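These notes are about the structure you will find just below.
On a predicted model such as this, the values are computed, not experimentally measured, just so you know. To find a chain, count down the sequence lines: A is the first, B the second, and so on, and within it residues start at 1. All values below come from the heavy atoms of this structure, side chains included, with hydrogens, waters and symmetry mates left out.
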2 protein chains.
Amino acid sequence: MTETAPRPTLEAVAARAGVSRATVSRVVNGGDGVREPLVERVRKAVEELGYVPNQAARSLVTRRHDAIAVVVAEPETRVFADPFFARQLRGISKELTAHDNQLVLLLTEGRDDHARVGRYLAGGHVDGALVFSLHLDDPLPGLIQRAGVPTVFGGRPGWSGDQRGVVYVDSDNRGGARDAVRHLAGLGRTRIAHITGALDQTSAVDRLDGYRDVMVDADPGLIVEGDFTPTGGERAMRELLARCPDLDAVFAANDLTAAGALRVLRASGRRVPDDVAVVGFDDMLPVAEQTDPALTTVRQDIEEMGRLMARLLLRGVDRRTGERVGGAPSSVVLPTTLVRRASA
Amino acid sequence: MTETAPRPTLEAVAARAGVSRATVSRVVNGGDGVREPLVERVRKAVEELGYVPNQAARSLVTRRHDAIAVVVAEPETRVFADPFFARQLRGISKELTAHDNQLVLLLTEGRDDHARVGRYLAGGHVDGALVFSLHLDDPLPGLIQRAGVPTVFGGRPGWSGDQRGVVYVDSDNRGGARDAVRHLAGLGRTRIAHITGALDQTSAVDRLDGYRDVMVDADPGLIVEGDFTPTGGERAMRELLARCPDLDAVFAANDLTAAGALRVLRASGRRVPDDVAVVGFDDMLPVAEQTDPALTTVRQDIEEMGRLMARLLLRGVDRRTGERVGGAPSSVVLPTTLVRRASA
DNA sequence: AGGGGAGGTGAGAGCGCTCTCGGATGACCG
DNA sequence: CGGTCATCCGAGAGCGCTCTCACCTCCCCT
């Protein structure tokens, strides 16, 4: 265990197989242009010696790292506490693994970390970056653009700078919100309230816009700002009940918010969905199914978002190294679906 | 953006500063043994050129990567869906960042992935590994030991192989469980049931052992196997109520399980804590506080566990490269604390 | 004033790999 | 049967860095 066996090099394999380094290299990298018997011999030598290429040496000459950074800006604990991000990460991991890429995770908190991440990305340690930019005033997109690293954002970055070349993957937050509100309207509800998410995030803004699309001349009193947390949902719901006791439906910006709202509604004696219908967003599974009553919500395929981000990025990275591709990748907005459960 | 500026090399910095490569290297790596005026000149040149060392070239000669792999075996979605892991990851990230190490995340699903991870670790791409080995029959510890990579496990690995040199960080699951059950007993409860976790994980086994420590001659009917999920908790609770309608307390193996149990208890007309007192484990925050009533539970400092794992590993890694250290690192078991809320 | 030593600095040899380029080999055609 | 060309393989030059070792300076002691 403490004994570090000297790892075999290309040279050693070449000697054993009785060929040159170049030939071994060719075989290891796909084996094109090497005749079958030689390929066999080299493969055998690799096997016997347990040869594994030295990635550092390889990167040194190829300038590729087969590694992608995943940057998660995490100013608040909340973000990380919900499973949303974990699911996305899983999708990303799957896709990267399938293409033999490593995932380098960079978690940031605060300004100093931003600088550090910027330096790291500019340092050319990775071939590209997947960035979850969560807040409107986040300096990260700017830093990254300057670093010149191919990047795909998770969620539309709320960034006022140069938009050219910005690629992102997002859910159709606005469309999903419209569906939710229309569903409530279709149930005959007319006093439909909205508890927003944290409005410094584009997803919250987009969902609010979707609500407004349907409720064109809604009572402004029916809109209360939340923050994507259950506690925020509770507070907002209390405020709503005080302001508009006659409301008959609530569209919450996410499931956690809805869960909080549900508790307050129950405590206030309202029956859900009979008195007040509630719709959430995300279909965050441990939560949405476990509320009482089970939550009607807007589902987004989170894992697929992650996978797509990775795919888009890898395409961009390939383009960079000069391989043929069909044009620059562009942003993708994934559809959402309404999941009907008991709450609306 | 598409234009990849050629990054300056050590050579370039040396030329600009009018010194040799060796001197620049010395300055970049701490500057020991270089006279002040020269240090200044080199620093200036580095600054002006925006020089960033090429990690690949450096690793090639030093055989260090300043990178640590975090391996998460994830046979079931559940593991990833709960925030437990995310918190630990955060602790790890902080500690690694503080020591200028990168975090390479390896997510595995299924046997093929295990082989892949084994190969990766054996390939010497990272200086060490942090492994979350979740199941008793997991082949990963064996693979890793064979790969000869310094490793620290998250949670006691339930592994029957050679235990020498196995280092892990765990919570005092057994002690925490004892505290929980004693607390219930202290409340005057006598028919205390236990819903276990998934018993192929050591944490579940240890918590069960802790329960048994206190309930030395408990009715075996009071113990039902769960699986750490809310649904499992519901099922188990129903079974318990059918078998032992006279139970007056439940110790659930984790908070999610407790949440499920709580729902079933309420549905069955039992009042909590009046009729049945409930204690969970983890103090998983969005969950434990939001249950009705708020959950009394056993808190473990998850983030600290992560930080500690990283610290232990880095110490082991240093030892490897020949730096002085105070002996081989050994496993650590962190204490837990009982958090009293409304449910017991 | 001369010698020894300590401390700074530079030259150069790799680390393990890829990739270009020239040479060898054999197939195929006239 | 000689020439042409495509195909396959090996020699060798780096990629950007670290680190050893020799040299050079300058200081201090006798």
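- For B:Ser25 (side chain) and B:Arg21 (main-chain N/O), no donor-acceptor pair under 3.5 Å exists by modelled atom type.
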Identify the pairs formed between an N or O of the protein and an N or O of nucleotides 12-16 of chain D at a distance under 3.5 Å, and give each distance.
residue : atom : partner : partner atom : Å
D:dA13  : N6   : A:Arg21 : NH2          : 2.9
D:dC15  : O3'  : A:Arg63 : NH2          : 2.7
D:dG16  : OP1  : A:Arg63 : NH2          : 2.3
D:dG16  : N2   : B:Ala57 : O            : 3.4

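- With sequence neighbours left out, the side chain to side chain contact (heavy atoms under 4.5 Å, CB included) criterion links A:Lys44 to A:Glu48.
- Near-neighbour residues of DNA chain C inside residues 23-41 of chain B, defined by a heavy atom below 4.0 Å, number-ordered: B:Thr23, B:Arg26, B:Gly33, B:Val34, B:Arg35, B:Leu38.
- Remark: the backbone N or O of B:Gly91 is not paired with any side-chain donor or acceptor of B:Arg307 at under 3.5 angstrom.
- Salt bridge A:Glu303/A:Arg87: absent, no basic N to carboxylate O contact under 4.0 Å.
- B:Glu11 has its CD atom 10 Å from the P atom of C:dA11, to the nearest Å.
- Note that the CZ atom of B:Arg7 and the CG atom of B:Leu49 stand 12.0 Å from one another [nearest 0.5 Å].
- For the pair A:His65 (side chain) and A:Gly124 (backbone), a donor-acceptor distance under 3.5 Å is present.
- Evaluated for a side-chain contact (heavy atoms from CB on, under 4.5 Å) with B:Val34, the options B:Thr23, B:Val24, B:Val42 yield exactly one hit, B:Thr23.
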- Task: Show the numbers, then the answer: is there a side-chain contact (heavy atoms from CB on, under 4.5 Å) between B:Leu313 and B:Asp127?
- Result: CA-CA 9 Å; B:Leu313 182 62; B:Asp127 301 329; over 6 Å; no
